[in-house]
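Worksheet: the structure to be examined is printed underneath.
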Protein chains: 2
Amino acid sequence: MVDKKIQKQFKELLSKEGLKMTSARLSVLDEMLSNDEHRECEEIFNALLANGVKISRATTYRTLDFLVKYEYIRKMDIGDGKIRYEKKLGHPRHDHMICIESGNIIEFHNEAIETLQDKIAKNHGYKIVRHVHQLFVKPINKK
Amino acid sequence: MVDKKIQKQFKELLSKEGLKMTSARLSVLDEMLSNDEHRECEEIFNALLANGVKISRATTYRTLDFLVKYEYIRKMDIGDGKIRYEKKLGHPRHDHMICIESGNIIEFHNEAIETLQDKIAKNHGYKIVRHVHQLFVKPINKK
DNA sequence: GTTTATGCAAACCTTTTGCAAATTT
DNA sequence: AAATTTGCAAAAGGTTTGCATAAAC
């Protein structure tokens with residue numbers, strides 16, 4: 001179950017938009033905050049059903065959108081035709097390294113790269129709003 | 001029209017796979033090599049039609065796949081639900097900076113970042129096969 | 001009691017596919 | 001002549017949408 005404090009903030013965000021706090025929305029929030037995987041909507045939807053939550057795919061999609069908007073979660077696209085969602089709240093900033101053999105997703109963060117990125121944007125007269133940095137890798141010892 | 005040398009190499013690559021050189025394939029190659037934009041299949045298909053090339057969407061998709069495989073072009077996905085293709089042959093390695101206000105795509109390259117990336121992968125026991133690095137930016141003077 | 005949310009199924013949109021007809025070698 | 005390619009339209013796959021019913025305020 002979601003922490004009471006978080007639940008309260010969630011309700012306030014919803015109200016601010018004229019939206020209602022429903023059990024479906026709370027279930028999706030709960031599901032997303034208690035899992036650190038990078039999952040597709042379909043997987044999240046199935047996890048909810050498996051936990052006995054009565055919800056539809058449509059509501060799952062709609063709620064994930066809201067959670068992305070308010071930065072509870074992040075939407076990621078590694079270009080394989082599947083969109084994944086991951087927990088963002090209380091999760092440190094990071095980028096992704098994807099093993100092309102196992103499909104494993106490893107998180108990394110490098111301050112020096114971030115600094116260089118900012119410099120590049122600045123040199124062109126821009127500032128970075130967000131970025132995507134993905135390394136597709138394979139184990140060193142393999143051919 | 002495509003350079004004779006390139007056309008010959010293209011034909012050889014095709015033969016090597018038991019594929020035939022057709023006017024449709026040559027037209028797509030020509031269209032892709034003579035344009036530096038980052039375009040969707042639909043835009044490329046329409047450009048071909050506008051140039052009087054008789055081709056179908058299906059063949060355009062099929063040929064783009066072949067061109068990606070043999071590195072004449074690159075497939076890119078900036079996560080907006082549209083897949084774009086850009087010329088790769090004779091085009092230097094680069095990453096992308098996308099202006100979220102104008103949609104403009106600016107290319108950049110930074111050797112120091114590449115070195116850091118390689119180091120990160122290596123530290124995890126991996127080597128990089130390819131990477132995606134996209135900076136979503138907005139002009140500095142805007143709010 | 002109003003208003004918003006939900007579930008369902010249909011619609012969407014881009015990409016892929018099966019197959020008969022056309023083109024290439 | 002044999003083999004591959006093409007165009008067409010249908011299928012696919014994931015996401016969105018319209019609408020009547022249900023739930024929240």
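All of these numbers come straight from a predicted model, not from anything done at the bench. Both backbone and side-chain heavy atoms feed into the values below; hydrogens, waters and symmetry mates do not.
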Discussion item. Please determine whether a side-chain nitrogen of the Lys or Arg among A/E71 and A/K88 lies less than 4.0 Å from a carboxylate oxygen of the Asp or Glu.
Written reply: yes
Worksheet item: Looking for any heavy atom pair under 4.0 Å, which part of the strands does A/A24 touch: base, sugar-phosphate only, or nothing?
Response: sugar-phosphate
Discussion item. Strictly by salt bridge (charged side-chain N to carboxylate O under 4.0 Å, His left out), give each pair with a member in residues 8-22 of chain A just once, sequence neighbours left out.
Written reply: A/E17-A/K69
Item to complete: Take B/K11 and B/I83, find for each the nucleotide of DNA chain C with the closest heavy atom, and name the residue whose nucleotide sits nearer the 5' end.
Response: B/I83
Discussion item. Tell me the interatomic distance from A/Y61, atom OH, to C/dG7, atom P, rounded to whole angstroms.
Written reply: 15 Å
Worksheet item: When the nearest nucleotide of DNA chain D is assigned to B/K54 and to B/G18 on a heavy-atom basis, which residue is associated with the more 5' position?
Response: B/G18
Practice prompt. Answer yes or no: is there an ion pair linking B/R39 with B/E31, defined by an N-O contact shorter than 4.0 Å?
Written response: yes
Response to the item:
Of C/dC8, C/dT6, C/dT25, the nucleotide closest to the side chain of B/M21 is C/dT25
Discussion item. Which residue is it: A/K75, A/H91, A/H38? I am looking for the one with a side chain to side chain donor-acceptor pair (under 3.5 Å) to A/E86.
Written reply: A/H38
Fill in: Between P of C/dT14 and CD of B/E40, the distance in whole Å
7 Å
Worksheet item: Once you round it to whole Å, what is the distance between P of C/dT6 and CG of A/D65?
Response: 13 Å
Worksheet, complete the sentence: Min and max contacting nt of DNA chain D in 5' to 3' order, chain A heavy atoms within under 4.0 angstrom, are D/dG14 to D/dC25
Worksheet item: Is the distance from OP1 or OP2 of C/dA5 to the nearest side-chain N or O of A/R62 less than 4.0 Å?
Response: no
Practice prompt. Let me know the distance between CG of B/L14 and P of C/dT25, rounded to the nearest Å.
Written response: 9 Å
Practice prompt. Kindly say if A/T59 contacts the phosphate of C/dG7, meaning a side-chain N or O under 4.0 Å from OP1 or OP2.
Written response: yes
